[in-house]
**Q** 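A single structure is presented below for examination.
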Amino acid sequence: ETDPTPSKGRAGYDAKNGKGNAHINPNRDRGHGRIYRVVWDKAPEAKIKSLAGASDAQLVAAMDSDNLFWRQTAQRLLVDGGKKGATSGLKSKVKAGGAGSIQALWSLNALGVLDMETHQLALLSKDPALRRNAITALDNDAVALQLFFDTAVVQDLDLIVRLAAFNKMVEFENQETVALAAQQLITAPANADDEWLSQSLRNAGAGAVKKGPSTLGEDLITNGSFEELAGNMPAGWAVRTFRGTAQHRVADMARTGKHSIEISAEKAAEYGIRIDVPVDQNAEYEISAWIKTENVAGGGRGAQIYISDHPGSPAVKGTKDWTQVKMRIQTGSAKSISINCLLGGWGTATGKAWWDDVSLRKVEYEIIASDEPEVVKGDVGRGKNIFMTHPIAACIRCHAVNGAGGPIGPALDTIATRKKEGYILQSLVDPGATIAEGFQGKISPMPPMGVLLKPQELADVMAYLMKLK
């Protein structure tokens, strides 16, 4: 199947077709081969052979297929046929979630029967992919804005869903409300720290921010001083043996209180005790402990605090009195972490070590406004210069204006007459969301201008594009 041939009506110029009926394009890749179809010779027999003549119920049921082709075919047949009789089944499909819920959502939307209750269920779904699509399916009016904030998608724990929500904010008609919300959202450290989230919020009206002083929250380890016992173990802690043989005991000596935990190994070993602690996702924490050692040696790092999937704290070797070690970690998608009082680490060790006053505290930063200048009204001249010459985001590479430019994307002559400002801005901020007619079904090759350009530069480019009438 060939690429659609650009025409004056839909792309701004009339292209010619060449060999293989593909339109002539100077940017076409001629250095690599193409795979048109790959067939798995051991693929299970398809459960669906055809949907020709299928009833509404059969089309809805086909959305449970594990084959995306049949799910999308069922969606197309429902929408093209205007089959509103399938509304009840499609709503049930969205409510149930699962493989076909996204196709069901978009079918309801295209048929004009996506009601607020069903849309809200999709926005609150356990499936992040469905939540993300439900955000995109929102209208831009006051009703949609209310639903958007009522479902708190701007605080979604899934960062991809949250990014979709922030990108959606630039589309709403009530930009005053959106800007106020963006200014608040960017004060959350998780949003301010993330390059993509913070840029999308600035596109929606937030000002630039920077980190201020940090403070530590309350200690989240309930028995980090080992005062509460359960037999020969501190309550809440468990043994973790990596290799070799070592011993542990609750020692009647401590930095504070009455007890500490002692781990000793006469022969090389890697051994510890651990506790699992719930944490917030995408947050920063500080782990601290006091360690005392006696003749700790070997190829391993020594006595330390170890967190799974993190480098570990500074380690103590030799014979040392009580020494405090600290480390800070980012939790990412983790909902809990395992904290280990470890002898060894990246190898084995011998000797004796004691741990006391192990703590875990969340790091909270004050987010304050920076000295970055506020965005002013876009300048047409600056915008045209960016459009023509920006080293990465030069639109002229792919789009033509007045006959000059690349043929990859549609020509932009009269774009301000043909498209609304909100559509144009979304095309810059989230190119994959708005694919021009004749280019559907492709992944957009356009770079995300909301990331590549500063807020003022984005405003300047918009000012230039709105002059193309």
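Excluded from the calculations below are hydrogen atoms, water molecules and symmetry mates; all remaining heavy atoms, backbone and side chain alike, are included.
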**Q** So how far is it from I307 CD1 to S313 OG, rounded to the nearest 0.5 Å?
**A**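 With rounding to 0.5 Å, CD1 (I307) is 8.5 Å from OG (S313).
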**Q** With side chain to side chain donor-acceptor pair (under 3.5 Å) as the criterion, how do D276 and S336 come out once you've worked through the C-alpha distance, each side chain's angles and the decisive distance to 0.1 Å?
**A** CA-CA 7 Å; D276 297 327; S336 68; over 6 Å; no
**Q** Between L163 and S200, is any pair of side-chain heavy atoms under 4.5 Å apart?
**A**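 Yes; the side chains approach each other to less than 4.5 Å.
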**Q** Measure across E195 and S198 and return the closest heavy-atom pair with its distance rounded to 0.1 Å.
**A**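 Here E195 and S198 meet closest at O-OG, 3.3 Å.
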**Q** Atom NZ of residue position K211 - does it have more than 12 heavy atoms of other residues, nucleotides or ligands inside 6.0 Å?
**A**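 Yes, NZ of K211 has more than 12 neighbouring heavy atoms, counting only those of other groups under 6.0 Å.
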**Q** If you define the side chain from C-beta out and look only at heavy atoms, does anything of Y285 sit under 4.5 Å from D280?
**A**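 Sidechains of D280 and Y285: in contact.
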**Q** Taking atom CD1 of I287 and atom NE2 of H310, what is their separation to the nearest 0.5 Å?
**A**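 Nearest 0.5 Å value for the CD1-NE2 distance: 7.5 Å.
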**Q** To the nearest 0.5 angstrom, please state how far the OG1 atom of T215 sits from the OH atom of Y365.
**A**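 Going from the OG1 atom of T215 to the OH atom of Y365 covers 10.0 Å.
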**Q** Taking D379's backbone N and O only, do any of them form a donor-acceptor pair with D460's side chain (distance below 3.5 Å, no angle check)?
**A**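 Confirmed, D460 side chain pairs with D379 backbone.
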**Q** Assess whether atom CG of D80 is packed by more than 12 heavy atoms of other residues, nucleotides or ligands within 6.0 Å.
**A**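 Enclosed.
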**Q** Out of curiosity, L138 CG to H119 NE2, how far, rounded to the nearest 0.5 Å?
**A**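 If we round to the nearest 0.5 Å, L138:CG and H119:NE2 are 4.0 Å apart.
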**Q** Minimum heavy-atom separation for L90 and S107, please, with both atom names.
**A**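 Scanning both residues, the minimum pair turns out to be CD1-CB, 3.9 Å.
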**Q** Working note: S225 + D357, criterion side chain to side chain donor-acceptor pair (under 3.5 Å); need CA distance, chi angles, decisive distance, verdict.
**A** CA-CA 4 Å; S225 293; D357 298 331; 2.7 Å; yes
**Q** Got V79 and W106 here, is their nearest side-chain heavy-atom distance under 4.5 Å?
**A**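 No; the side chains remain at least 4.5 Å from each other.
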**Q** Salt bridge check: are D115 and K91 linked by an N-O gap of less than 4.0 Å?
**A**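 Counted as a salt bridge, because a side-chain N and a carboxylate O are separated by less than 4.0 Å.
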**Q** Take Q324 and S288 through the side chain to side chain donor-acceptor pair (under 3.5 Å) test and state the conclusion after the steps.
**A** CA-CA 7 Å; Q324 187 180 34; S288 171; 2.9 Å; yes
**Q** Which heavy-atom pair separates Q183 from I186 by the least distance, and what is that distance?
**A**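 That closest heavy-atom pairing would be O-CG2, 3.5 Å.
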**Q** Is a side-chain N or O of D14 found less than 3.5 angstrom from the main chain of K8, in a donor-acceptor match?
**A**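 Such a contact is found between D14 side chain and K8 backbone.
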**Q** Please check if atom CD in Q330 has more than 12 non-hydrogen atoms from other residues, nucleotides or ligands closer than 6.0 Å.
**A**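 Yes, enclosed.
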**Q** For the pair T331 (side chain) and A283 (backbone), establish whether a donor and an acceptor sit closer than 3.5 Å, ignoring hydrogens and angles.
**A**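 Indeed, once roles are kept as given, a pair shorter than 3.5 Å links the two residues.
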**Q** Applying the side chain to side chain donor-acceptor pair (under 3.5 Å) criterion to R162, which one of D156, N191, D194 satisfies it?
**A**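 It is N191; the other options fail the test.
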**Q** Just so I know, are the side chains of R382 and Q456 near enough to count as touching, which here means a heavy-atom distance under 4.5 Å?
**A**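 Side-chain contact under 4.5 Å: yes.
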